[in-house]
Amino acid sequence: MADTTRVTLAQLAEEAGVSIATMSKVLNGRTDVASSTRARIEQLLAEHGYTRRTGNRRGEYVELVLHELEPSWSTDLITGVETVAAEAGLSTVLTLSGDRHAPGDEWIDGVLRRSPAAVILVFSDLAPAHRDKLKRRGIPFVIVDPSGDPAADVPAVGSANWTGGLVATRHLIELGHRRIAAITGPADAMCSHARLDGYRSAMNAAGLPVDANWVRFGDFHPSGGETWARQLLALPDRPTAIFAGSDLQAIGVIAAARGAGLEVPTDLSVVGYDDIALARWFSPQLTTVHQPLRRMGEEATRLALRLGEGGQPETFRMDLATHLVVRESTAPAPLET
């Protein structure tokens with residue numbers, strides 16, 4: 001069940017002052033071990049570099065872990081993971097845990113018991129203790145990173161957020177807009193700052209001022225976009241264009257514009273981010289930055305399965321390209337009166 005060239009399981013059990021059965025329970029993710037005992041054993045295993053030998057045995061599924069199921073963006077990710085898992089003869093199961101930063105502490109014991117072929121995590125990062133436990137059990141994992149910046153040694157697939165913010169804002173500038181506001185995502189998400197930095201870079205390159213009153217941190221949801229857009233549109237010298245950090249926020253911006261008696265795009269141009277399916281069916285159709293969510297799921301699963309087979313990728317971090325999709329919600333800036 002377990003093997004190491006430096007120390008046997010019996011020797012570790014003796015050093016920890018526990019039975020071999022207790023060691024086995026911890027190795028297999030059982031919960032019927034006192035937390036203090038578990039912590040002592042895990043520390044001992046880490047010190048000796050002890051890992052469970054998995055041989056050719058592995059779970060028959062890939063576990064995809066998310067903090068929420070928001071169909072507008074999670075469907076594409078799920079499809080990407082399912083596609084590659086099916087090609088490998090594996091099923092896909094979904095687990096909900098934690099918040100957008102990391103899965104909850106209760107998740108780690110469960111996944112160790114389940115021992116899937118691979119784990120795909122849609123979070124900003126994974127706690128070092130959780131990473132160590134997965135590595136010791138031989139369970140490969142990859143973070144799909146639409147919103148954070150995992151540690152350098154953590155396998156992750158993300159997208160070019162800075163470039164997305166740049167091309168969105170540059171498009172508005174090319175349409176003649178000079179008063180351009182930005183509603184990015186949460187202030188504690190790295191992607192929010194990356195998209196905002198892209199916006200600022202485009203404004204600076206065009207010699208346009210970035211008014212602090214025109215920048216807001218939102219929540220990636222329609223209600224946040226609507227709330228902040230109302231404030232922006234109530235300014236004495238209101239913006240003629242708004243770059244929203246997600247398509248859902250862009251939809252909220254359009255609702256706020258209509259509430260203020262403004263037409264999109266005649267009076268206000270709006271650019272979103274993500275290119276969710278609704279962007280093509282909303283009225284007006286959203287101009288947006290395409291984030292390749294399905295491909296992110298595919299590449300993350302390929303990387304995790306490769307790691308599970310002992311392969312070593314050239315890089316642990318893959319950032320996929322974003323690009324602008326121009327539709328109906330942007331137009332030339334209105335003439336100054």
Side-chain angles (χ1 to χ4, degrees), residues 68 70-74 100 147 164-165 167-189 191-192 195-196 198-200 202-203 208-291 324-337:
E68 66 174 352
E70 171 53 66
S72 63
W73 61 265
S74 63
R100 70 172 180 273
S147 62
V167 299
T169 310
R170 184 177 289 165
H171 170 66
L172 294 169
I173 293 171
E174 291 172 350
L175 289 172
H177 292 278
R178 297 297 178 264
R179 301 197 305 274
I180 304 171
I183 304 174
T184 189
D188 59 353
C191 70
S192 304
R195 294 171 193 177
L196 188 59
Y199 155 83
R200 288 192 174 112
M203 295 289 281
L208 298 175
V210 178
D211 190 325
N213 289 327
W214 294 351
V215 175
R216 299 288 190 278
F217 283 92
D219 58 7
F220 288 144
H221 294 289
S223 57
E226 184 173 8
T227 297
W228 290 120
R230 283 176 181 167
Q231 295 184 16
L232 292 167
L233 296 176
L235 294 173
D237 200 16
R238 68 165 181 82
T240 62
I242 295 178
F243 164 48
S246 74
D247 288 342
L248 293 181
Q249 284 189 156
I251 290 171
V253 170
I254 292 174
R258 288 171 176 164
L262 301 174
E263 292 291 332
V264 176
T266 306
D267 302 313
L268 179 74
S269 286
V270 180
V271 179
Y273 200 106
D274 288 329
D275 195 20
I276 61 176
L278 184 59
R280 297 187 293 276
W281 299 104
F282 194 73
S283 181
Q285 292 182 335
L286 285 177
T287 293
T288 184
V289 176
H290 177 80
Q291 180 169 220
L324 187 71
V325 180
V326 179
R327 297 194 179 100
E328 301 172 348
S329 64
T330 52
L335 297 176
E336 297 290 342
T337 58

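Shortest non-hydrogen contact noted between Ala187 and Phe217 is CA-CD2, 3.5 Å. Heavy atoms only, all atoms of each residue included: Val167 and Leu324 are closest at O-CD2, 4.1 Å. Considering all non-hydrogen atoms of both residues, Ala331 and Leu175 come closest at O-CD1, 3.6 Å. Minimum heavy-atom separation, Ser192 to Phe220: OG-CZ, 3.9 Å. Looking at every heavy atom in both residues, Glu328 comes nearest to Pro265 through O-CG, 3.2 Å. Scanning both residues, Leu208 and His177, for their nearest heavy atoms gives CD1-O, 4.0 Å.
With hydrogens and angles ignored, the 3.5 Å screen pairs a side-chain donor or acceptor of Arg195 with a backbone N or O of Gly245. Not one N or O on the side chain of Gln291 forms a donor-acceptor pair closer than 3.5 Å with the backbone of Tyr273. Under a 3.5 Å cut-off, the side chain of Asp247 and the backbone N or O of Ala279 do not form any donor-acceptor pair.
For the pair Gln249 and Asp219, the minimum side-chain heavy-atom distance is below 4.5 Å. Under the 4.5 Å side-chain criterion, counting only non-hydrogen atoms from C-beta, Arg327 is in contact with Thr288. At least one side-chain heavy atom of Val215 sits under 4.5 Å from a side-chain heavy atom of Tyr199. In this structure the side chain of Val253 never reaches within 4.5 angstrom of the side chain of Leu232, judged on heavy atoms. For the pair Ile254 and Leu286, the minimum side-chain heavy-atom distance is below 4.5 Å. Looking only at side-chain heavy atoms (C-beta outward), Asp211 and Leu235 stay at 4.5 Å or farther from each other. A 4.5 Å side-chain heavy-atom check between Ile180 and Ile173 finds at least one atom pair inside the cut-off.
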>> Please determine whether side-chain hydrogen bond (donor to acceptor under 3.5 Å, both in side chains) holds for the pair Thr287 and His171, giving the CA-CA distance in whole Å, both sets of side-chain angles, and the decisive distance to 0.1 Å.
In response: CA-CA 10 Å; Thr287 293; His171 170 66; 4.8 Å; no
> Can you check side-chain contact (heavy atoms from CB on, under 4.5 Å) on Leu248 and Glu70, steps first, answer last?
Replying inline: CA-CA 11 Å; Leu248 293 181; Glu70 171 53 66; 4.2 Å; yes
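Note that the CH2 atom of Trp228 and the OG1 atom of Thr184 stand 12.5 Å from one another [nearest 0.5 Å]. The OG atom of Ser329 sits 10.5 Å away from atom CD1 of Ile251, with the distance rounded to the nearest 0.5 Å. In this structure, CG on Leu278 lies 10.5 Å from CD on Gln285, to the nearest 0.5 angstrom. The CZ atom of Phe243 sits 12.0 Å away from the CE atom of Met203 when rounded to the nearest 0.5 Å. Going from atom OG1 of Thr240 over to atom CG of Leu233 covers 10.5 Å, rounded to the nearest 0.5 Å.
The environment of Gln231 atom CD is dense: over 12 non-hydrogen atoms of other residues, nucleotides or ligands sit within 6.0 angstrom.
With respect to Arg170 and Glu174, no salt bridge is recorded, no charged nitrogen being found less than 4.0 Å from a carboxylate O. Look at Arg238 and Asp267 and you find no salt bridge, because none of the NZ, NE, NH1 or NH2 atoms lies under 4.0 Å from a carboxylate O.
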